[in-house]
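Here is the structure we will look at.
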Amino acid sequence: MTIELVRARQVVTGIRDRFTAEVLDDAAVAHDAGRIVAVDSFATLRAQHPDAPVQHFPRHMLLPGFVNAHHHVGLTPLQLGSPDHPLELWFASRLSSRDIDPVLDTLYGAFEMVASGVTCVQHLHPRMAGPAEGVVAGCMKVLGAYSRIGMRASFAYSVREQNRLVYGDDTAFCATLPGDLGPEMLAHLRRFSLSFNDQMAVYAALRDAHAGSPRTRIQLAPANLHWVTDDGLMTMVEQARSDDVPLHMHLLETPFQREYARRRTGTTAVRHLHRLGALGPSMTLGHAVWVDEGDIELLAHTGTCVCHNCSSNLRLRSGTAPVNAMARHGIVTALGIDEAGLNDDRDMLQEMRLALRIHRRPGLDAADVPTCAQVLRMATEHGAATTGFRHQIGRLAPGLRFDAVAIDANAATWPYQDDQVAPLDALLQRAKPQHVDTVFVDGDPIYAKGRFKYVDRDAVLAEIAQMLSRPPSGAELRRRHLAEAVMPHVRAFYDGYLQGA
Ligand SMILES: [Zn+2]
């Protein structure tokens with residue numbers, strides 16, 4: 001055993017309930033090659049391990065590493081040329097995004113996540129051009145980039161079977177487009193269409209390639225109700241059960257999706273999933289903005305998890321998820337930055353604050369609105385519960401992996417913070433990424449004092465700048481044209497869609 005002690009002014013071991021964080025003063029974590037052996041006062045651990053090396057964070061709070069529980073890409077759609085639109089139009093506008101190397105792209109997102117304290121990401125990969133072997137190779141590049149930087153990744157290639165552009169059949173929709181636009185659009189969609197069996201083969205190949213991997217887990221992601229058939233969905237649910245992996249599914253992101261579910265199933269999306277037998281603790285619903293009270297009760301009753309993607313919901317005009325009601329029902333609710341946060345980046349500290357603030361509905365009862373402890377639990381233990389690392393991360397407790405972030409509390413609260421406000425509450429409301437001192441994954445300080453241990457951030461950013469400074473390729477220009485040309489037809493598809501809903 002090679003025990004190391006990591007000592008901090010305060011150690012947050014976890015969250016007991018919405019109002020209570022478990023915080024130890026002048027405490028330490030004892031870990032053995034990344035496995036937590038004990039968490040206690042420094043004096044106690046020093047007595048037990050007199051010769052162990054000590055890393056000391058005298059001005060810092062040490063917290064469980066954050067989990068960004070819903071992420072897709074590195075460079076943001078906005079950066080790549082696709083501005084914020086309502087979600088249904090944004091799907092079309094995203095066609096115009098520039099191409100970017102998957103390794104550089106993944107590193108870009110990872111830089112921002114890690115620098116804000118994220119140690120584990122739930123990466124739901126969007127479509128890639130086929131065939132299956134090429135998709136597997138692309139996913140391996142993404143996972144290789146996470147492993148290069150040292151970050152934990154729970155990964156899924158999002159499965160889509162149908163309705164790739166609008167909430168209706170691809171061929172039927174393309175047949176309504178004028179001139180050459182229909183065949184062009186259909187050809188584009190087909191380039192990104194793998195058969196269901198091929199998509200399951202991608203999952204199996206990635207799963208087998210990462211069996212026993214310490215920092216990578218492979219799971220399943222039925223992309224959204226409109227993108228999958230009931231048979232496909234249930235095949236994935238069965239596969240997830242037999243492999244004991246979680247599922248993450250976008251659901252009810254917008255009122256259009258609620259209406260789509262009503263037209264397809266005659267009931268709500270959540271009741272439909274329940275009827276099929278798809279709900280349960282292994283299922284996480286991303287967004288879940290347009291759930292009703294009965295849906296929330298079903299989610300609570302079945303132990304289904306939710307991932308709250310607050311920034312994305314605002315940016316794509318999706319609405320505000322009923323997080324207070326979910327909390328009242330005790331639903332495990334993770335936090336995801338999705339494509340990008342309010343500042344078009346991946347700042348988990350800001351995302352927590354946004355979740356803390358946006359649900360502060362008028363009233364006097366503090367029990368009705370999110371607490372600091374609650375949003376921290378969303379970003380740690382609850383997020384962890386939705387990934388392939390459930391039960392292994394999310395708290396600082398013996399037996400778990402030592403994933404943690406040390407934040408310089410003095411710097412974050414400089415020049416003054418009154419102690420009538422609990423230190424954790426003050427930190428969560430004031431800390432910025434520049435106050436993140438060190439980020440540990442498996443006890444390894446992969447980021448410290450603004451530098452990544454294994455990757456030269458400046459060099460990667462320079463490479464991205466250089467690659468994208470080239471003029472758009474012929475293929476990129478064709479997609480840009482396609483996006484512009486199809487946009488009015490997509491808009492027209494949804495005209496009146498909600499009437500009578
Ligand atoms: Zn998403």
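The analysis underlying the following values was restricted to heavy atoms, covering all of them including side chains, and did not include hydrogens, waters or symmetry mates. Note that the structure is predicted; figures quoted are calculated from it, not measured. Just so you know, ligand 1 is whichever comes first in the structure, and atom 1 is the first atom listed for that ligand.
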- Shortest-distance N, O or S atom of D338 relative to the Zn ion (ligand 1):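 Considering only N, O and S atoms, D338 comes nearest to the Zn ion (ligand 1) through OD1.
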- Any N/O/S of H287 under 2.8 Å from the Zn ion (ligand 1)?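 It does not: H287 brings no N, O or S atom closer than 2.8 Å to the Zn ion (ligand 1).
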- Message: Under 2.8 Å from the Zn ion (ligand 1), is there any N, O or S atom belonging to E339?
- Response: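 Within the cut-off used here (under 2.8 Å), E339 places no N, O or S atom near the Zn ion (ligand 1).
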- Task: Over 60° means perpendicular and under 30° means parallel, so classify the ring planes of H188 and F192, tilted if in between.
- Result: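 Rings of F192 and H188: tilted, 30 to 60°.
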- Mutual orientation of the aromatic rings belonging to Y167 and H226 [parallel < 30°, tilted 30-60°, perpendicular > 60°]: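 Rings of Y167 and H226: tilted, 30 to 60°.
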- Between E253 and N224, does any side-chain donor sit less than 3.5 Å from a side-chain acceptor?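 Distance-only check fails for E253 and N224.
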- Query: Are E339 and R94 close enough for a salt bridge, meaning some N to O gap below 4.0 Å?
  - Reply: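 Salt bridge: yes.
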- Query: Rounded to 10°, how big is the angle at the Zn ion (ligand 1) from H250 NE2 to H72 NE2?
  - Reply: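 Value returned, to the nearest 10°, is 110°.
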